[in-house]
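Not measured: the values here are computed from a predicted model.
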Amino acid sequence: MCGIVAYTGSNQAFDFLIKGLQRLEYRGYDSAGIALLNGGLSVYKQKGKVQDLIELTKGKDVHGTTGMGHTRWATHGEPNQINAHPHVSQNGDLAVIHNGIIENYATLKEALLKRGHEFESDTDTEVLIHLIEDIRNHEGVDLLEAVRLALNEVVGAYAIVILSKNDPGTLIGARKGSPLVVGIGKDNEEFFMASDATPIVEYTRDVIYLEDNEIAHIANGELKVKTIQNVEKTPYIHKLEVTLEAIEKGGYEHFMLKEIYEQPKSIYDSMRGRFNKNDLTFAMRSLREYESKIKNLNRIIIVGCGTSWHAGLVGEYLIEEFARLPVEVEYASEFRYRDPIITEDDLVIAISQSGETADTLAALELAKEKGATIYGICNVVGSSIPRITHAGAYTHAGPEIGVASTKAFTAQVTVLTLIALGIAEIRGKITKERLRQVFAELEVLPEKVEHVLKNCADKVLEISERYKDAENFLYLGRGVNFPVALEGALKLKEISYIHAEGYPAAEMKHGPIALIDENMPVVVVAPKRGYYEKVLSNIQEVKARKGNIISIVTEGDDKVKSISDYAIEIPDTEDCLVPILATIPMQLLSYHIAVMRGCNVDQPRNLAKSVTVE
Ligand code: F6R
């Protein structure tokens with residue numbers, strides 16, 4: 001969490017920094033700040049959002065061709081002006097912005113206090129810049145060497161940028177565990193740094209993704225990269241593929257709405273070129289290269305957090321159904337700390353939109369250490385998880401900026417469907433006929449998603465209006481649609497702050513049924529396939545207790561409709577693809593309810609999109 005951005009070049013830095021912070025605001029919005037070099041070192045910071053920072057800087061001198069900015073998701077120290085970044089050193093010459101956590105900051109701080117340092121904030125970050133200054137003064141080394149030596153003393157995760165009053169035109173950035181992208185302008189006339197490529201793409205397509213333990217040093221129009229072990233590196237320049245339109249709202253009121261409506265395309269992109277329905281083959285290199293491994297697998301473990309964990313649960317149903325291989329799905333945060341039993345015949349799949357989630361990354365590192373083959377399903381190209389895995393598949397959903405995950409989830413489920421089918425085919429567990437059926441449905445899935453989006457819009461608005469003031473919601477589903485219920489509940493609670501719980505429909509009678517009365521809206525995924533009759537009985541149980549039924553039903557199914565207060569229709573499809581179609585009305589329901597309640601849907605309170613702390 002936290003977004004960082006920096007610039008040095010021949011143009012004024014301020015506008016780039018502010019625009020960049022707005023693009024990165026999804027990473028945290030507790031406070032925002034900037035520092036500019038303009039003969040001196042000017043720092044402006046403010047509790048709240050980037051807009052508050054803009055207000056603060058109105059009428060102030062913000063000139064300077066080198067500068068940096070930060071948008072914070074608070075970890076150490078409450079979200080106030082003092083704890084906002086940038087933080088400056090004791091003599092005020094150096095400033096730092098930081099994304100991550102310095103775990104040994106208390107020990108470092110104690111030593112610095114003994115040497116006469118005084119601290120203004122409660123943050124771990126301020127300790128780091130004091131440490132750098134202390135080393136520079138006492139060891140008599142230059143700034144770059146002081147940064148390198150300091151980072152050797154640090155335990156934890158960081159992406160940092162450092163400015164020095166006495167080094168105009170110089171930016172020093174470093175990373176370990178948190179992302180940092182360096183953009184290289186035309187003819188090396190300007191350089192950019194940012195937590196992701198979105199602030200940079202408007203200015204250059206040439207970027208380098210710093211590796212862990214690397215330091216980027218930009219001075220006199222030249223970029224050099226070395227490790228904290230002092231080894232010079234030749235950076236690999238990537239060409240950015242993301243377009244500017246992909247990171248703008250494009251006429252929608254919120255990113256979340258835009259991303260919901262992008263799903264016909266994002267789902268298509270997530271499967272494009274990955275199978276051939278005519279000769280029934282797969283073109284997923286990540287599976288082909290590991291064919292012999294896949295044939296001998298003992299089991300699959302899927303790790304993830306939040307929405308990605310829900311996608312993993314869908315994956316469990318699909319892989320077990322098609323490939324007949326045992327699958328366990330674990331919260332990455334639990335998995336990493338419980339000394340799990342992992343063998344070389346396990347495949348560990350990490351699912352992560354950002355590719356940066358600290359717990360997921362750590363779980364994967366642990367599995368790798370224990371000899372498992374590790375595989376990533378990520379959305380952000382070049383992020384940390386794809387860089388440590390043996391193999392993987394990008395979801396290609398395009399940038400997801402709304403904090404609540406929508407199109408990333410449906411793309412993850414699409415990719416998991418392909419993986420389930422691919423593994424089944426490699427292990428000889430699926431017939432050609434069955435493959436043909438699922439491929440045919442996959443091919444028309446984007447159209448069906450489009451159809452759901454068009455068809456359910458009015459009904460969802462009506463339901464939202466009716467239940468926007470509810471205090472609780474229940475979501476129920478069975479089989480592969482149970483994770484869909486979990487996801488529906490998560491979506492509602494995180495953006496509308498209504499308490500919502502997802503349950504396997506049949507579990508309701510073991511407790512949650514006590515909550516049901518005439519005020520309880522219950523969203524039930526009840527497609528004509530799967531456990532239709534069973535779900536029907538569960539609906540009757542809710543009805544008998546006067547609960548309000550909002551059902552998601554297959555088009556033409558009048559039976560469930562007739563006992564529902566509201567029914568949303570989705571087209572018929574294969575069982576395994578129902579989760580994708582059923583999720584869409586739930587996303588819209590959460591969105592509209594949140595908007596009607598006046599909530600900030602793109603930046604819900606206390607959340608951040610990329611959770612790089614554990
Ligand atoms: C919910 C949401 C979060 C993320 C979770 C994992 O809408 O977005 O629950 O799914 O923080 O993030 P990634 O997928 O980036 O690892």
Side-chain angles (χ1 to χ4, degrees), residues 238-239 241-243 246 262-297 300 302 308 311-312 314-315 318-325 327 347-353 355 373-383 385-398 407-449 573-574 576-577 579-580:
H238 295 255
K239 282 273 174 220
E241 281 178 14
V242 64
T243 61
E262 277 174 348
Q263 287 175 108
K265 178 171 186 316
S266 54
I267 290 168
Y268 172 73
D269 287 345
S270 68
M271 58 182 156
R272 187 167 44 146
R274 287 184 159 158
F275 66 91
N276 183 329
K277 92 166 191 328
N278 299 324
D279 60 10
L280 299 178
T281 53
F282 285 91
M284 291 182 77
R285 218 183 56 210
S286 56
L287 295 185
R288 285 286 159 240
E289 281 176 2
Y290 282 84
E291 260 192 55
S292 64
K293 185 100 211 170
I294 288 170
K295 281 190 178 136
N296 295 312
L297 281 180
I300 292 179
I302 302 180
S308 295
V314 177
L318 302 184
I319 296 170
E320 291 200 340
E321 180 196 331
F322 289 122
R324 306 308 299 151
L325 188 66
V327 180
L347 174 71
V348 177
I349 301 180
I351 306 179
S352 174
Q353 187 286 131
T373 303
I374 60 169
Y375 189 98
I377 300 178
C378 295
N379 194 39
V380 177
V381 176
S383 55
I385 290 175
R387 286 194 285 146
I388 66 158
T389 46
H390 296 113
Y394 280 117
T395 44
H396 296 306
K407 63 175 179 172
F409 175 75
T410 48
Q412 287 164 347
V413 173
T414 309
V415 170
L416 281 160
T417 310
L418 293 176
I419 288 174
L421 295 170
I423 295 178
E425 195 243 6
I426 290 168
R427 292 170 69 92
K429 299 285 181 192
I430 189 163
T431 62
K432 293 264 176 228
E433 188 43 35
R434 189 76 190 104
L435 257 187
R436 187 168 294 121
Q437 286 163 354
V438 186
F439 279 173
E441 266 308 303
L442 271 169
E443 207 177 51
V444 293
L445 188 63
E447 276 163 47
K448 291 193 174 178
V449 171
T573 186
E574 285 286 337
C576 60
L577 300 179
I580 293 178

Query raised in the report: Going through the checks in order, is the side chain to side chain contact (heavy atoms under 4.5 Å, CB included) test met by Thr573 and Ile580?
Result: CA-CA 10 Å; Thr573 186; Ile580 293 178; over 6 Å; no
Query - Side-chain heavy atoms of Ile267 within contact of Lys407, under 4.5 Å - result: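 Side-chain contact under 4.5 Å: no.
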**Report entry** Flag side-chain contact, heavy atom, 4.5 Å: Val438 against Phe322
**Finding:**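 Yes. Closest side-chain heavy atoms under 4.5 Å.
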Just verifying a value: how many Å separate [X] [atom1] and [Y] [atom2], rounded to the nearest 0.5 Å?
X      : Y      : atom1 : atom2 : result
Phe282 : Leu421 : CZ    : CG    : 4.5 Å
Gln412 : Ile349 : CD    : CD1   : 12.0 Å
Lys293 : Ile426 : NZ    : CD1   : 13.5 Å
Leu318 : Leu418 : CG    : CG    : 10.5 Å

Query raised in the report: Can any side-chain N or O of Arg436 pair as donor or acceptor with the backbone N or O of Leu280 at less than 3.5 Å?
Result: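 No: the side chain of Arg436 does not pair with the backbone of Leu280.
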Query raised in the report: Counting distance only, does the side-chain N/O of Tyr375 pair as donor-acceptor with the main-chain N or O of Leu287 below 3.5 Å?
Result: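 Checking the backbone N and O of Leu287 against the side chain of Tyr375, no donor-acceptor pair under 3.5 Å is found.
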Query raised in the report: Should the pair Glu320-Lys429 be classified as a salt bridge under the 4.0 Å nitrogen-to-oxygen rule?
Result: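 Not counted as a salt bridge, because no side-chain N and carboxylate O are separated by less than 4.0 Å.
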Query raised in the report: Crowded around Tyr268 OH? As in, over 12 foreign heavy atoms under 6.0 Å?
Result: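 It does not: Tyr268 OH has 12 such atoms or fewer within range.
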Requested in this report: Return yes when atom CZ of Arg324 has more than 12 non-hydrogen atoms of other residues, nucleotides or ligands closer than 6.0 Å, and no otherwise.
Outcome: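 At most 12 heavy atoms, drawn from other residues, nucleotides or ligands, come within 6.0 Å of this atom.
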Query raised in the report: Distance only, no hydrogens: is a donor on one side chain within 3.5 Å (strictly under) of an acceptor on the other, for Asn276 and Thr281?
Result: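 Their side chains do not contain a donor-acceptor pair, so the 3.5 Å distance test is not met.
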